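Keep in mind that this is a model prediction, so the values were computed, not measured. Residue numbers begin at 1 in each chain, while the letters A, B, ... track the order of the sequences.
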There are 2 protein chains.
Amino acid sequence: MSTAEATNEAASSSSSDDPRERILSAAGEEFAERGFEATTVRHICLAAGVNVASVNYYFGDKQRLYHETVRQAHQQLVAQVPLSPWPVGTPARDRLRGFIGNVLERMLGFGRPRWQNRLMLREVLQPTEACRDLVDDYIRPQFNRLISILDELASGQLEQPQLRRVAMSIFGQMFVYRAADDVVGMLIPADERDALHTPVPLADHITHYALAALGLAIPLTTPESRA
Amino acid sequence: MSTAEATNEAASSSSSDDPRERILSAAGEEFAERGFEATTVRHICLAAGVNVASVNYYFGDKQRLYHETVRQAHQQLVAQVPLSPWPVGTPARDRLRGFIGNVLERMLGFGRPRWQNRLMLREVLQPTEACRDLVDDYIRPQFNRLISILDELASGQLEQPQLRRVAMSIFGQMFVYRAADDVVGMLIPADERDALHTPVPLADHITHYALAALGLAIPLTTPESRA
DNA sequence: AGGTGATTGAAACGCCTGTTTGAAATGCCT
DNA sequence: AGGCATTTCAAACAGGCGTTTCAATCACCT
């Protein structure tokens with residue numbers, strides 16, 4: 001009838017326009033929440049408001065849809081990583097605190113689509129083919145970035161293997177809050193969790209813990225009188 | 001009607017006798033490897049060498065079989081935890097090193113059925129109803145044990161919330177090697193991984209890292225000449 | 001031995017899965 | 001307008017899933 005002129009070309013930045021993107025978005029949430037096996041194509045299409053045949057039309061099959069979903073999510077995550085907003089001359093310990101706070105914020109924060117994070121976590125915990133790209137483009141750069149900060153902090157006193165160990169220790173301290181958050185919630189009282197185990201105070205703690213271990217901050221305790 | 005235990009239940013050590021135990025063992029491996037959703041009852045029964053109807057006869061349905069599998073695995077794991085083999089008067093730092101080495105050995109070691117570990121990890125990462133018991137009987141006691149060691153090390157200088165944070169940091173450093181082992185393998189060169197990221201040297205590192213942070217061991221680096 | 005309840009077995013039950021079909025609807029070009 | 005490729009749709013496909021059936025078998029008791 002009327003409305004003949006549907007000259008598209010109108011942006012399409014949103015997700016409610018292109019069916020392909022609607023499928024990707026819905027699939028992301030479903031895969032992230034339930035995992036690949038437990039997610040059904042029908043459920044995705046229902047959430048996306050498209051026909052069941054669409055996933056086959058646009059992506060071939062469920063497997064390729066999953067790969068494409070992971071790829072898109074990890075690229076969007078990479079695009080959100082701040083490149084290097086540190087003014088030259090920023091002390092290394094400030095950069096360490098900034099790095100840890102930044103990663104924690106992305107891991108635990110409530111910003112942006114939460115499912116992208118969760119999907120990446122799934123890949124880390126149980127890698128598929130899509131994991132290698134994720135490590136190469138996202139995780140390893142962060143890891144090396146942390147190592148270079150630590151290297152500067154240690155003034156070259158630590159060899160690469162030692163730096164990698166310390167870097168992994170720091171990552172582990174952040175990672176456990178993301179991967180085992182349910183159990184953390186069972187071990188830490190609720191009010192204490194809200195007060196101390198959130199990105200900002202947690203970043204302070206992990207940073208201080210690292211600096212103290214490196215001998216660059218006062219230890220958490222002062223030695224008892226030790227004659 | 002009822003009665004699945006007319007005869008006794010002796011000879012429960014081996015796995016080739018009682019069909020019920022054969023099912024539990026096979027189910028444990030399958031569930032641990034593939035997860036609940038991706039595991040099929042038919043596959044379990046094939047591996048156990050029993051008829052498909054057996055799982056229904058002995059356990060009711062797949063869900064209850066899963067619960068029973070987790071329950072059994074976690075109880076066997078609890079039974080393997082050394083109770084308190086420390087002679088009185090053992091220095092707290094030795095107990096810390098012993099504790100960390102012990103947990104790492106159980107997490108990463110090759111002893112006993114590996115699937116029990118993996119199944120517990122699944123519960124930690126994505127808890128089901130069975131997770132509460134696991135935390136109450138297995139994880140929280142370990143956590144409190146670590147806290148009491150740290151409390152002694154700190155000579156009462158740290159409040160409970162601070163102790164919990166440090167304890168979580170230590171757990172995180174161990175946990176990441178178990179939960180994200182594939183990615184760790186991508187970040188650390190193979191030879192270095194075999195040399196430094198195995199239970200014994202790892203326990204040394206994490207212990208030293210903690211003691212240094214607490215001011216109870218020499219830091220990893222010595223401060224530069226700082227006029 | 002005969003009888004009784006516990007266990008096993010092969011086959012089938014719905015149901016839901018991923019995927020395919022072929023026709024209808026839509027958009028786009030000259 | 002017509003013609004043509006792209007996109008949508010309801011319906012169906014074969015296959016696998018968890019679960020159930022019920023007859024056959026087994027173990028045990030008097």
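Between A/Y66 and A/F59, the ring center distance fails the sub-6.0 Å criterion.
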Listing, residues 186-194 of chain B side-chain donor-acceptor contacts under 3.5 Å, not counting sequence neighbours, or none:
unit_1 : atom_1 : unit_2 : atom_2 : d
B/E192 : OE1    : A/R164 : NE     : 3.1
B/E192 : OE1    : A/R164 : NH2    : 2.7
B/E192 : OE2    : A/R164 : NE     : 2.9

Donor-acceptor pairs under 3.5 angstrom involving side-chain atoms of residues 130-138 of chain A: please list them, not counting sequence neighbours.
unit_1 : atom_1 : unit_2 : atom_2 : d
A/D136 : OD1    : A/R140 : NH2    : 2.5
A/D137 : OD2    : A/H74  : NE2    : 3.2
A/Y138 : OH     : A/R106 : NE     : 3.2

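B/F59 comes within 4.0 angstrom of nothing in the nucleic acid, heavy atoms only.
Applying the 4.0 Å criterion to OP1 and OP2 of C/dT20, one finds that A/Y57 has every side-chain N and O outside that range.
The distance from atom CD of A/Q63 to atom C1' of C/dT19 is 14 Å, rounded to the nearest whole Å. Here D/dT7 presents its P atom at 12 Å from CD1 of A/I23, a figure rounded to the nearest Å. As a whole-Å value, the separation of B/R22 CZ from C/dT7 C1' is 13 Å.
The side chain of A/D61 lies closest to C/dT19 when the candidates are D/dT8, C/dT19, D/dT19. Distance from the side chain of A/K62 is smallest to C/dG18 among D/dG18, C/dG18, D/dC9. Nearest to the side chain of B/N56, among C/dT8, D/dC9, D/dT19, sits D/dT19. Checking C/dT7, D/dT8, D/dA10 against the side-chain heavy atoms of A/Y58 singles out D/dT8 as nearest. In the set D/dC9, C/dT8, D/dT20, the nucleotide with an atom closest to the side chain of A/N51 is D/dC9.
Within residues 29-50 of chain A, the residues approached by DNA chain D to less than 4.0 Å at the level of any non-hydrogen atom are A/R42, in residue-number order.
Within the structure, every pair that satisfies the salt bridge (charged side-chain N to carboxylate O under 4.0 Å, His left out) test and touches residues 63-76 of chain B, not counting sequence neighbours, is listed here: B/R20-B/E68, B/D61-B/R64, B/E68-B/R71. Here side chain to side chain donor-acceptor pair (under 3.5 Å) pairs that include residues 177-189 of chain B, with residues two or more places apart or in two chains, are B/Y177-B/H197.
Every residue was checked against the salt bridge (Lys or Arg N to Asp or Glu O under 4.0 Å) condition with B/E105, not counting sequence neighbours, and none meets it.
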